[in-house]
Visitor: 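Quick one: this structure, given as structure tokens, is what I'll be asking you about.
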Amino acid sequence: MDKSKRKVVIAGNWKMNMTPSEAKTAVAETAKLTDSMNGCDVVLCVPFVDIASAVEAAKGTNVKIGAQNVHFEAKGAFTGEISAAMLLETGVEYVIIGHSERRQYFGETDATVNARTKAALAAGLKVILCLGEVLSERESGITSEIVSMQTKLDLAGISAEDMKNVIVAYEPVWAIGTGLTATPDQADEVCGIIRSTIADLYSADIADATVIQYGGSMNDGNAAELLSKVNVDGGLIGGASLIPAKFAKIVEAAQA
Ligand code: PGA
């Protein structure tokens with residue numbers, strides 16, 4: 001397997017943190033600290049209301065801005081929702097879809113995750129598609145079945161051509177925000193299972209070219225080891241992305 005076919009992508013997921021003015025400062029600071037680090041793509045996924053100030057602060061820098069969700073319909077009576085076209089016009093390049101917190105607290109299913117992914121890709125956004133097992137599934141020894149089923153359901157009907165704009169983030173739910181991290185070998189193994197599922201669905205070439213991130217308590221202390229694994233092409237980082245100095249250390253670890 002040739003890891004050099006893939007670009008490493010380090011993405012921050014701010015979740016429900018930062019006001020627009022705080023976002024402006026944090027994006028500018030992150031951009032300054034990662035300015036000369038061209039060995040990976042750097043993305044910050046911010047709350048909807050922060051997008052305008054984040055995009056402005058990221059102009060002319062290495063940092064790209066993403067959103068944290070998108071609705072699957074183009075427009076209409078969907079109070080509180082945001083469409084892909086709206087995101088695109090604000091300057092967002094990426095969108096996270098299917099985060100476990102959306103699945104757990106907001107009723108997302110593989111069917112809605114799939115519909116959102118299709119809408120985002122059709123509009124020209126790049127998708128960071130999150131999936132992963134919960135603790136009881138890992139303890140029952142069915143991690144492999146769960147992630148491969150999620151991969152199939154979430155990517156159903158998505159063309160080989162559109163896979164160029166899909167990043168998959170393997171996020172074991174038990175590791176998110178808990179301080180527990182999958183070991184590098186566990187992360188590598190499951191990212192490898194996702195990759196071979198993509199090979200079955202599409203082709204070995206597409207699987208080799210797909211960026212698969214690890215997410216779940218990645219930080220400046222464990223990033224280098226996780227990123228050294230052949231199937232781990234980057235990270236989706238929650239808590240540690242809120243502190244520019246910590247996040248920049250992770251970006252630095254991805255330069256090797
Ligand atoms: P965490 O979050 O780094 O705080 O565990 C990761 C994520 O939810 O994407």
Side-chain angles (χ1 to χ4, degrees), residues 8-18 22-23 26 30 34 40-48 50 54 63-70 92-108 113 116-117 120 126-135 137-138 143 146-147 150-151 154 166-184 186-188 190-191 194 211-227 229 232-254:
V8 171
V9 181
I10 301 295
N13 172 12
W14 280 1
K15 309 191 180 183
M16 197 175 72
N17 293 287
M18 307 264 192
E22 289 166 345
T30 303
T34 59
C40 68
D41 283 349
V42 180
V43 184
L44 288 172
C45 297
V46 307
F48 290 132
D50 293 351
V63 175
K64 300 167 199 313
I65 302 301
Q68 298 174 9
N69 197 13
V70 62
V92 158
E93 221 176 294
Y94 288 81
V95 61
I96 295 174
I97 296 178
H99 191 277
S100 68
E101 286 148 19
R102 301 292 322 168
R103 295 179 191 250
Q104 199 177 340
Y105 306 132
F106 302 101
E108 293 280 344
V113 168
R116 287 175 206 270
T117 302
K126 297 189 176 96
V127 170
I128 300 176
L129 171 65
C130 302
L131 50 90
E133 81 286 3
V134 300
L135 186 59
E137 291 163 340
R138 176 159 284 270
T143 297
I146 293 293
V147 298
Q150 288 178 329
T151 305
D154 296 350
V166 174
I167 292 173
V168 179
Y170 165 53
E171 298 215 305
V173 179
W174 49 271
I176 294 176
T178 56
L180 295 173
T181 317
T183 65
Q186 285 172 329
D188 192 43
V190 183
C191 290
I194 294 167
V211 173
I212 303 181
Q213 299 174 317
Y214 167 78
S217 301
M218 188 186 268
N219 59 42
D220 47 330
N222 59 27
E225 220 194 324
L226 286 159
L227 294 170
K229 292 295 174 180
V232 179
D233 309 316
L236 183 58
I237 296 117
S241 72
L242 295 170
I243 302 157
K246 276 184 188 271
F247 187 66
K249 284 251 160 59
I250 300 172
V251 176
E252 197 183 331

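Just follow the structure's listing: the first ligand is 1, and inside any ligand the first atom is 1.
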Visitor: Among protein heavy atoms, which sits nearest to atom 2 (O) of ligand 1, and what does the distance come to when rounded to 0.1 Å?
Guide: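 Protein heavy atom at minimum distance: Lys15 NZ, 3.2 Å.
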Visitor: Strictly by modelled atom types, are Tyr170 and Glu133 linked by a side-chain donor-acceptor pair under 3.5 Å?
Guide: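 Note: Tyr170 and Glu133 side chains meet the donor-acceptor criterion.
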Visitor: Is the closest basic N to carboxylate O distance between Asp154 and Arg103 below 4.0 Å?
Guide: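 So Asp154 pairs with Arg103 through a salt bridge.
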Visitor: With backbone taken as N, CA, C and O and side chain as the heavy atoms from C-beta onward, which portion of Asn13 lies under 4.0 Å from ligand 1: side chain, backbone, both, or neither?
Guide: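 Answer for Asn13: side chain.
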Visitor: At what distance, to the nearest 0.5 angstrom, does CE of Met218 lie from CD1 of Ile250?
Guide: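 It comes to 7.0 Å.
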Visitor: Can you find a heavy atom in the side chain of Ile10 that is under 4.5 Å from one in the side chain of Val43?
Guide: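 No - every pair of side-chain heavy atoms lies 4.5 Å or more apart.
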Visitor: Report the member of Ala175, Gly12, Gly239 with the shortest heavy-atom distance to atom 4 (O) of ligand 1.
Guide: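 Among Ala175, Gly12, Gly239, the closest heavy atom to atom 4 (O) of ligand 1 belongs to Gly239.
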Visitor: Give the atom numbers and elements of ligand 1 that come within less than 4.0 Å of a heavy atom of Gly216.
Guide: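 What qualifies from ligand 1 is 5 (O).
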Visitor: Please say whether Gly177 places an N or O atom under 3.5 Å from an N or O atom belonging to ligand 1.
Guide: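 Indeed, backbone or side chain, Gly177 has an N or O that close.
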Visitor: Side chains of His99 and Glu171 only: does a donor on one sit below 3.5 Å from an acceptor on the other?
Guide: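 Yes, because at least one side-chain N or O of His99 sits under 3.5 Å from a partner of the opposite role on Glu171.
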Visitor: Surrounding CD of Glu93 (heavy atoms of other residues, nucleotides or ligands, distance under 6.0 Å), is the total greater than 12?
Guide: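 Enclosed.
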Visitor: Is the closest N or O pair between Gly238 and ligand 1 shorter than 3.5 Å?
Guide: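 So ligand 1 has an N or O lying under 3.5 Å from an N or O of Gly238.
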Visitor: Does NZ belonging to Lys229 count more than 12 external heavy atoms closer than 6.0 Å?
Guide: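 Yes, the 6.0 Å shell around NZ holds more than 12 heavy atoms from other groups.
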Visitor: Under 4.0 Å from a heavy atom of Glu171: give me the atoms of ligand 1 that qualify, with their elements.
Guide: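 Listed by number with element, the hits are 6 (C), 7 (C), 8 (O), 9 (O).
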Visitor: Geometry only, no angles: is Ser217 polar-contacting ligand 1 at N/O separations under 3.5 Å?
Guide: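 N/O-N/O distance below 3.5 Å exists for this pair.
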Visitor: Using a plain distance cutoff, I'd like to know if His99 has any nitrogen or oxygen under 3.5 Å from a nitrogen or oxygen of ligand 1.
Guide: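 Such a contact does occur with ligand 1.
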Visitor: Find all atoms of ligand 1 within a distance of less than 4.0 Å from any non-hydrogen atom belonging to Leu236, and give their numbers and elements.
Guide: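 Matching atoms, with element in brackets: 6 (C), 9 (O).
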